[in-house]
Participant: 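Let me begin by handing over the structure; questions about it come next.
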Amino acid sequence: MVVCLTLALTVTASLSWASPLDAFKGKQGTVDIAGGTAHIPVMKEAAKRIMTANPEVRISIAGGGSGVGVQQVGEGLVHIGNTGRGLSSEEVAKYGLVSFAFAIDGVAVVINPANGIDALTAAQVKDIYAGKIANWKELGGEDRAITLYTRDEASGTREVFFKKLLAKGDIAASANVVPSNGAMKTAIAQDPGAIGYVGIGHIDSTVKAPSMDGMVPTQENAANGTYTITRKLFMNTKGEPQGVVKDFIEYIFTPEGAEIIRASGYIPVSK
Amino acid sequence: MHFRKGCMAEAGLTASALITGTAVAAIFIFLFLFALPVFTGGQGLAILSGEWSPFKGQYGILPMLAASLCVALSALAIGWPLALGLCCGIRGFLPRPLGRALLVMLRGMTAFPTVVYGFAAFFLLVPIMREALGRGSGLNWATASLVLALVILPTMALVMDAGMRQTEKSLRLTGAALGFTREQTLAHLVLPACRKSLFAAAALGFGRAVGDTLIPLMLAGNAPQWPAMASDSIRTLTAHIGLVLATDSNSAAYGSVFVAGCLLLLVNVAVQLSLRFCLKTGKTE
């Protein structure tokens, strides 16, 4: 079914005259992208399609986190710097950046799949992260110490979790810190007592996402507003984008771009 | 012709020494200049306080300094005796072919990328440590120290072995004249005579352990708290730099990275200098 769909899509894309990829026809140039790791699947797929349609356009994609995205685009090292958070007014003022929000991503609490807990409340999560609840027994689970996992200071995911779910509550100093969504998943999957949080797009069978205050963390619910712990994903440029960089950003906002965003596990946002 | 060659070699060596010296000095000056605004800025000496919680506006990195020293010293405490034991085995009581095989293995081990140790330990050692210590996540001081000990072991062993081999050569006849066996020569003559390279190995091992980033980042848990127990999750200065470097470059958290770099350099310089001092005073006795 999926194969058929993709096939059908490729066929229509290549047959239809007004493909969004036509914008790149006869053009050449480079687009260097760095920053937020959540953006990478979208950027990669878009780059693959553009470079297949026109090999004269070169697109490079690097990670590094939201902070790196701002810094590198601000210093002129890349054309597009991705962030999983809005820019601070200092950042905008210092570098003269322009932001393009293109997707919504939810952030969900995750636990080890062996953990019997299926539902948590924001108040419980707050107490867990503050160190007030230290054993799963207190939440009706098995008698096992809770181990806390959180993200590094540069993480956009951490910012959403901290502001929207913890309501800026304490995170105990003893919490383990991991440097990426992937590392978070690996750590949670290994540790039966673990609790952590990842972008909803990263949830798979290796971790379990309990419902939060009755809200089920899925992309659909994040899109229709029933799941409220969400953030936007941004592309940022230094000044208004020009040339192929502008074409790249516009491509992300086409129906084909929206389809890539959905396939990567996020919800597209119109420009 | 010979004279000119000598001259050119000398000039070349002087030039490269100058370039290296300038580069090291430049690193110091660069780090210091970038760290300076942190002290002269609004937060003053808060950076050297004992608590890191950016959301409360506290940016103390002393717990990270303590963690770096703890992890490096405990890795040294595990790795150095092991390296010494291995070398004694290779130069003394083990059959020679086995010793040679061990040497080959040690040389091979120096070529392993650290990330391989970290990755393997994450899946093999961490669950064992979690169950064995009975608390925490298994990502802690003890786990990081054990793996770091393994990482610095081959370098230390090879430095020790090189020193021992030199001394052994010059003392072999003396040992034979005294009617010593190979083991006795090693214990009574070679080991006391190559004290210097044993110290040098320790200094090198400490330098590598305190400077390693990947192992603590992957295995120590990175919690910015004071190290108290082996099962505590802790954050070293190197891991701190790795974790914070990607933040908003206008933030106070970002400034702490340069102070962390300065502290790291100072620790290493202090260790190397005090070691030199120790060895010098040892000589004049």
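Throughout, protein chains are lettered first and strands after them, A, B, ... in sequence-line order, and every chain is numbered starting at 1.
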Participant: Which residues from residues 172-191 of chain A are near chain B, with near meaning under 4.5 Å between non-hydrogen atoms?
Facilitator: A173(A), S174(A), A175(A), N176(A), V177(A), P179(A), T186(A), A187(A), Q190(A), D191(A)

Participant: Does any backbone or side-chain atom of P127(B) lie under 4.5 Å from a heavy atom of chain A? Answer side chain, backbone, both or neither.
Facilitator: side chain

Participant: Under 4.5 Å from any heavy atom of chain A, what part of R235(B) do you find: side chain, backbone, both or neither?
Facilitator: side chain

Participant: Under 4.5 Å from any heavy atom of chain A, what part of L245(B) do you find: side chain, backbone, both or neither?
Facilitator: backbone

Participant: Of all the residues in residues 107-121 of chain A, which have a heavy atom that comes within less than 4.5 Å of a heavy atom in chain B?
Facilitator: none

Participant: Between L139(B) and Y149(A), is the side chain to side chain contact (heavy atoms under 4.5 Å, CB included) condition met? List the steps.
Facilitator: CA-CA 11 Å; L139(B) 299 165; Y149(A) 290 84; 3.7 Å; yes

Participant: Heavy-atom distance under 4.5 Å to chain A: side chain of W226(B), backbone, both or neither?
Facilitator: neither

Participant: Between T150(A), D170(A), T147(A), L148(A), which shows the greatest number of heavy-atom pairs under 4.5 Å with chain B?
Facilitator: T147(A)

Participant: Anything in residues 200-212 of chain A with a heavy-atom distance to chain B below 4.5 Å? Please list those residues in order.
Facilitator: none

Participant: Which residue out of R151(A), E153(A), R144(A), Q72(A) racks up the most heavy-atom pairs below 4.5 Å with chain B?
Facilitator: E153(A)

Participant: Among residues two or more places apart or on two chains, list those pairs meeting salt bridge (Lys or Arg N to Asp or Glu O under 4.0 Å) that have a residue in residues 253-274 of chain B.
Facilitator: none

Participant: Of the backbone (N, CA, C, O) and the side chain (C-beta and beyond), which part of S53(B) lies under 4.5 Å from a heavy atom of chain A, both, or neither?
Facilitator: neither

Participant: Which one of S137(B), S233(B), G138(B) has the most heavy-atom pairs closer than 4.5 Å to chain A?
Facilitator: S137(B)

